[in-house]
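Let me begin by presenting the structure, written as structure tokens, before commenting on it.
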Amino acid sequence: MIIADQVTGSTTAGTAKPADVRPADVKPADSVTADVKPARAKPRARAPAITLPAIGERELRLDLFRGLALWLIFIDHLPPSLLTWFTIRNYGFSDATEIFIFISGYTAAFVYGRAMLESGVVIATARILRRVWQIYVAHVFLFTIFLAEISYVATRFENPLYTEEMGIMDFLKQPDVTIVQALLLRFRPVNMDVLPLYIVLMLALPLILWSMKWRPDVTLGLSVVLYAVTWEYDLYLSAYPNGFWAFNPFAWQLLFVFGAWCALGGARRMSRILASPVTMWIAIAYLVAAFYVTLTWYVPQLSQFMPKRVEQWMYPIDKTDLDVLRFTHFLALAALTVRFLPRDWPGLKSRWLRPLILCGQHSLEIFCLGVFLAFAGHFILAEVSGGAAVHALISLSGVLIMWGVAWVISWYKRVADKSGAKTKNAVGSADLAGGG
């Protein structure tokens, strides 16, 4: 299996092995014609602009890393604790957000790209808009529950600092205006920035897929141009009551489009680059350098070995606009992951990784639950002093709750839902495009 097969997960759609052709597939008339008429050379069909993996077994690596991203996002949203040191943001420039957005772009393109090729632009767009509506409803529901949770805690324990810390003070002052702004995705409490970003990116997905259907490399190039223009001219979306989006869609679209490009054949075309030892060593060297830089944040004495010009060029490493250093750090991690974690790795079937995979398969519900649990954990840690042991207990408890809910959802879809049998093998599952 080559590196490209590890990324795409199977052979190209539309190709078949000789063993897949059954005798029943060949009509008698065809065989007679073949015996009578000489074979004529057929004109070579034009290669499709995009290629998709053949329909087959679910890509568990995507579920695994999406589940890992959800766990890491939850832990990072808690106050600093022992488990916080196990998240990737402490060892490099990128964090779980990059993983989540890339996989979202990859899976969305895989599901809806196939729909666009098979059913056309109109049907695929309708399905995408339906998915956007589901995510939007989930965001509004989460916003309502989150506000109720914070307001109750602040009132019950007579601590208004919670409302200020979680960013809902403006809601309490002007609830009518704030609700309208929230419905427009311009007002968001703390930790509720990822879903609005995902909604905007999914709204752009029909245009992205339509463009990639004809010129995938040009589409990726235009995404890079938009990213560069965003940095040059400071493009952004404003937020209410002031400021801007924590995740700028004009910049983060690059990672989403890159994921879609990889899903639609880009990873296969990069197979030689990914398989090259030079790529591997460059990725390792970059990750080591990034790790050293992060060490200087915690051990200031190490910063004396950093050239001043490098520091001036490098800082600040902007997360809002997806700094180039963050993007390339993710690319280095992805390159090594693809190289050393093949699609048929036996560990993907291990029961020890099953909790992560289950959470990744229902990412929308688990993400919303993680936001709720993060504030609950924050509240407990603020009200109860217990040290590192309590921090670790709350973090582990949250992870176990997320796993339990994911298991219940999976059980329901597999057993209790009567329509589950009809859609069990559907490739266009919403889970692949973001969970749910």
Side-chain angles (χ1 to χ4, degrees), residues 65 68-102 165 190-191 193-194 227-228 230-231 234 246-248 251-252 254-255 258 273-274 276-341 374 377-378 381-382 385-396 399:
F65 286 104
L68 176 63
L70 292 170
W71 286 15
L72 295 179
I73 290 173
F74 163 70
I75 294 174
D76 285 338
H77 284 171
L78 291 172
S81 65
L82 182 63
L83 284 183
T84 304
W85 291 101
F86 290 93
T87 61
I88 62 174
R89 70 176 183 179
N90 296 297
Y91 303 96
F93 303 138
S94 63
D95 58 24
T97 310
E98 279 84 355
I99 300 175
F100 188 82
I101 296 300
F102 172 82
E165 188 175 1
V190 175
N191 299 339
D193 299 295
V194 175
Y227 175 81
T230 299
W231 273 84
D234 196 22
F247 298 106
N248 188 349
W252 281 84
L254 175 61
L255 195 57
F258 178 70
I273 298 176
L274 294 174
S276 171
V278 176
T279 301
M280 180 187 69
W281 287 111
I282 290 177
I284 292 175
Y286 185 78
L287 293 178
V288 171
F291 174 62
Y292 177 81
V293 172
T294 56
L295 281 181
T296 64
W297 304 344
Y298 307 105
V299 186
Q301 292 79 2
L302 295 177
S303 61
Q304 61 181 332
F305 300 104
M306 288 280 295
K308 297 301 179 182
R309 289 189 177 182
V310 173
E311 289 185 344
Q312 294 174 357
W313 167 80
M314 183 171 53
Y315 294 123
I317 302 176
D318 188 11
K319 183 175 183 177
T320 296
D321 290 329
L322 185 61
D323 196 283
V324 174
L325 294 177
R326 295 180 64 96
F327 182 70
T328 51
H329 185 264
F330 168 79
L331 292 182
L333 288 173
L336 294 181
T337 300
V338 168
R339 187 180 186 91
F340 295 108
L341 186 64
H378 180 86
L381 292 174
S385 57
V390 175
H391 281 68
L393 178 62
I394 291 175
S395 301
L396 292 175
V399 167

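Nearest heavy atom pair, residue S303 against residue E311, reads O-OE2, 3.6 Å. Of all heavy-atom pairs spanning P316 and D323, the tightest one is O-OD2, 3.5 Å. T294 and Y298 get closest at one heavy-atom pair: O-CD1, 3.1 Å. Heavy-atom minimum distance, H329 versus S94: ND1-OG, 2.7 Å. Here the closest non-hydrogen pair linking I73 and A96 is CG1-CB, 3.7 Å.
Checked for salt-bridge contact, R326 and D318 miss the test: no charged N lies under 4.0 Å from a carboxylate O.
Looking at heavy atoms from C-beta onward, L331 lies in side-chain contact with F258 at the 4.5 angstrom threshold. By the 4.5 Å heavy-atom criterion applied to side chains, L78 and F74 are counted as neighbours. The shortest distance between side-chain heavy atoms of T230 and L254 does not fall below 4.5 Å.
With hydrogens and angles disregarded, no donor-acceptor distance shorter than 3.5 Å links the side chain of W71 to the backbone of V399. One N or O on the side chain of Y91 and one on the backbone of W85 form a donor-acceptor pair closer than 3.5 Å. At distances below 3.5 Å, not a single donor-acceptor pair connects side-chain atoms of T320 with backbone N or O atoms of F247.
Distance check, rounded to the nearest 0.5 Å: CZ of F330 to OG1 of T328 gives 11.5 Å. D76 contributes atom CG, which lies 3.5 Å from atom CZ of R89 (distance to the nearest 0.5 angstrom). The structure places CZ of R339 at 8.0 Å from OG1 of T279, a figure rounded to the nearest 0.5 Å. Between the OG1 atom in T296 and the CD atom in Q301 there is a gap of 11.0 Å [rounded to 0.5 Å]. Note that the CD1 atom of I75 and the CD1 atom of I394 stand 12.5 Å from one another [nearest 0.5 Å]. Rounding to the nearest 0.5 angstrom, the gap separating the CG atom in D95 from the OG1 atom in T87 is 8.0 Å.
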Assess whether side chain to side chain contact (heavy atoms under 4.5 Å, CB included) is satisfied between F65 and F102, documenting all intermediate values.
CA-CA 10 Å; F65 286 104; F102 172 82; over 6 Å; no
Working for side chain to side chain contact (heavy atoms under 4.5 Å, CB included), residues V293 and L325:
CA-CA 11 Å; V293 172; L325 294 177; over 6 Å; no
Evaluate L322 against N248 for side chain to side chain contact (heavy atoms under 4.5 Å, CB included), listing each step before the verdict.
CA-CA 8 Å; L322 185 61; N248 188 349; over 6 Å; no
After noting the C-alpha distance and the side-chain angles of E98 and F93, does the key distance pass the side chain to side chain contact (heavy atoms under 4.5 Å, CB included) rule?
CA-CA 10 Å; E98 279 84 355; F93 303 138; over 6 Å; no
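Atom CH2 of W281 has 12 or fewer neighbouring heavy atoms from other residues, nucleotides or ligands inside a 6.0 Å radius.
Ring planes of Y227 and F327: tilted class, angle from 30 to 60°.
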